[in-house]
Student: 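The structure is given below, and queries will be raised subsequently.
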Amino acid sequence: MILIMFGAPGVGKGSQARFLSEALQIPHISTGDLFRENVANRTELGKLVKIHMDNGSLVPDEMTIGLIMDRIRQADCKQGFILDGFPRTISQVEHLEKSLKAEMRAIDTVVNITLDDAKIIDRVTGRRICPSCNSVYHLAYHKPYSVGRCNNCTTDLVQRVDDTESTVLRRLQVYYAQTEPVLSYLRDRYAVVDVVSEDDINDTTRKIYSSLDLAVHGASNKDARYMRLPSGCA
Ligand code: ADP
Ligand code: ZN
């Protein structure tokens, strides 16, 4: 299954993509995580993308498209994959379609997660991430078990440099100007499931699962494998 997680910054698409990746046993490919790893490891690519990320602009297509096209051609993507943060421009979606078509594959479903701008700003400015395993937390809504430490790997949590209020406003502007047109493009061609992001992360997961089940399997629900909720999300 080839899934695209779509939505403005801070709607929770990364967290939901991680749950789905575990449930469906297919890789979660996040352009933001890939870029941040490159920045942290001071690679050539990392040096080039940092300035764009820090000020909330998109990384230029020529640095983004090749990276993702190489990633989805790897062996672990044969059974499918989940894209998070890609495509964000019309050129990106066109390249993706072309590359999939060459392998007789296509996008199956787009999960579009929505949230009010005011809530987005609140979520993003309170967000803390694990620089080691990329888990995402929130100071008020999704606290780690032990203050400032990742539940998975106990690494100290950090705030992303682009998670300040002014940069989030810029990222939202960029989203509406450059990325939202991609959603209309996708709606004309693929099944799009719209899900409003809930305050409780597990509520959002449940909604995504039930709409995906309908979108992918119809009412008959033949393949229950896709419906197994992640542990802790009964
Ligand atoms: P969010 O969805 O919260 O904005 P991401 O981690 O997806 O966060 O992206 C962080 C930054 O990485 C973006 O602001 C942008 O600079 C860059 N980026 C991520 N994905 C793309 C993409 N597909 N095209 C261009 N730039 C991207
Ligand atoms: Zn961690």
Side-chain angles (χ1 to χ4, degrees), residues 4-18 28-40 45-72 82-96 111-115 117 119-138 142 144-146 148-183 185-186 197:
I4 294 181
M5 304 302 285
F6 206 90
V11 297
K13 51 186 189 303
S15 304
Q16 298 301 333
R18 217 159 284 125
H28 165 212
I29 303 170
S30 156
T31 31
D33 288 349
L34 288 172
F35 286 146
R36 276 185 291 278
E37 273 160 34
N38 276 277
V39 172
L45 178 70
K47 286 176 200 157
L48 295 170
V49 302
K50 188 175 187 310
I51 178 158
H52 304 286
M53 297 180 78
D54 286 357
N55 72 25
S57 313
L58 292 185
V59 170
D61 280 342
E62 55 272 27
M63 298 175 201
T64 307
I65 293 171
L67 181 79
I68 294 301
M69 295 309 116
D70 288 346
R71 179 65 189 87
I72 66 178
I82 302 171
L83 288 175
D84 159 18
F86 187 96
R88 264 168 144 114
T89 64
I90 295 290
S91 172
Q92 290 180 12
V93 71
E94 287 173 349
H95 275 88
L96 174 65
V111 178
N112 176 45
I113 309 182
T114 58
L115 187 65
D117 284 3
K119 285 197 174 179
I120 285 181
I121 293 164
D122 189 33
R123 284 214 194 159
V124 172
T125 51
R127 173 157 74 182
R128 297 293 181 271
I129 64 158
C130 171
S132 172
C133 74
N134 299 317
S135 295
V136 179
Y137 302 87
H138 189 281
H142 180 44
Y145 302 133
S146 125
R149 290 270 176 100
C150 177
N151 293 348
N152 276 341
C153 67
T154 72
T155 302
D156 286 340
L157 303 179
V158 297
Q159 182 171 30
R160 275 168 47 177
V161 275
D162 59 343
D163 276 354
T164 58
E165 183 159 352
S166 59
T167 310
V168 172
L169 291 173
R170 162 96 186 122
R171 282 156 63 200
L172 280 172
Q173 266 179 1
V174 168
Y175 174 78
Y176 291 118
Q178 300 185 56
T179 305
E180 226 185 17
V182 177
L183 183 61
Y185 181 100
L186 291 167
S197 187

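For ligands, and for the atoms within them, numbers begin at 1 and follow the listed sequence. Each residue takes its place number in the sequence, starting with 1.
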Student: Excluding sequence neighbours, so at least two apart, what forms salt bridge (charged side-chain N to carboxylate O under 4.0 Å, His left out) with Asp61?
Tutor: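 Once residues adjacent in sequence are excluded, Asp61 has no partner under the salt bridge (charged side-chain N to carboxylate O under 4.0 Å, His left out) criterion.
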
Student: Give me the nearest non-hydrogen protein atom to atom 23 (N) of ligand 1 as residue plus atom name, then the distance to 0.1 Å.
Tutor: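 Looking at atom 23 (N) of ligand 1, the protein heavy atom closest to it is Gly85 O, 2.7 Å.
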
Student: Of the listed options (Ser57, Gly32, Ser91, Pro9), which comes nearest to atom 14 (O) of ligand 1 when hydrogens are ignored and any heavy atom counts?
Tutor: Ser57

Student: Can you report which non-hydrogen protein atom sits closest to atom 20 (N) of ligand 1, along with the distance?
Tutor: Thr31 OG1, 2.8 Å

Student: Under the rule for side chain to side chain contact (heavy atoms under 4.5 Å, CB included), what residues qualify as partners of His28, not counting sequence neighbours?
Tutor: Ala17, Arg18, Ser21, Ser30, Asp33, Asp84

Student: Asp117: what forms a salt bridge (charged side-chain N to carboxylate O under 4.0 Å, His left out) with it, not counting sequence neighbours?
Tutor: none

Student: Is there at least one pair of N or O atoms, one from Val59 and one from ligand 1, spaced under 3.5 Å apart?
Tutor: yes

Student: The Zn ion (ligand 2): which protein N, O or S atoms are under 2.8 Å away?
Tutor: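 Protein N, O or S atoms closer than 2.8 Å to the Zn ion (ligand 2): Cys130 SG, Cys133 SG, Cys150 SG, Cys153 SG.
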
Student: Hey, looking at atom 10 (C) of ligand 1, which of Arg171, His52, Arg160 has the closest heavy atom?
Tutor: Arg160

Student: Let me see the working for Asn55 and Thr167 under side chain to side chain contact (heavy atoms under 4.5 Å, CB included), right down to the final yes or no.
Tutor: CA-CA 6 Å; Asn55 72 25; Thr167 310; 5.8 Å; no

Student: What is the nearest protein non-hydrogen atom to atom 24 (N) of ligand 1, stated with its residue, atom name and distance?
Tutor: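 Closest protein heavy atom to atom 24 (N) of ligand 1: Gln92 NE2, 2.9 Å.
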
Student: With a cut-off of 4.0 Å, which atoms of ligand 1 are near a heavy atom of Arg36?
Tutor: 6 (O), 10 (C)

Student: Have a look at Met53, Lys50, Arg88, Met63 and point out the one with the heavy atom closest to atom 4 (O) of ligand 1.
Tutor: Arg88

Student: Do side-chain atoms of His95 reach the backbone of Ser91 as a donor and acceptor pair under 3.5 angstrom?
Tutor: yes

Student: Is a donor on one side and an acceptor on the other found under 3.5 Å between the side chain of Thr154 and the backbone of Cys150?
Tutor: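 Side chain of Thr154 to backbone of Cys150, a donor-acceptor pair under 3.5 Å: no, none is there.
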
Student: Is it the case that the side chain of Gln92 and the backbone of Arg88 share a donor-acceptor pair, with hydrogens and angles ignored and the cut-off at 3.5 Å?
Tutor: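 Confirmed, Gln92 side chain pairs with Arg88 backbone.
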
Student: Any idea which protein heavy atom is nearest atom 2 (O) of ligand 1, and the distance to it?
Tutor: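 For this ligand atom, the closest protein heavy atom is Lys13 NZ, 2.7 Å.
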
Student: Nearest protein heavy atom to atom 27 (C) of ligand 1, by residue and atom, and its distance?
Tutor: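 Checked against all protein heavy atoms, atom 27 (C) of ligand 1 sits closest to Phe35 CE1, 3.7 Å.
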
Student: When you measure from the heavy atoms of Arg127 to every atom of ligand 1, does any distance fall below 4.0 Å?
Tutor: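 Distance cut 4.0 Å: Arg127 passes for ligand 1.
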
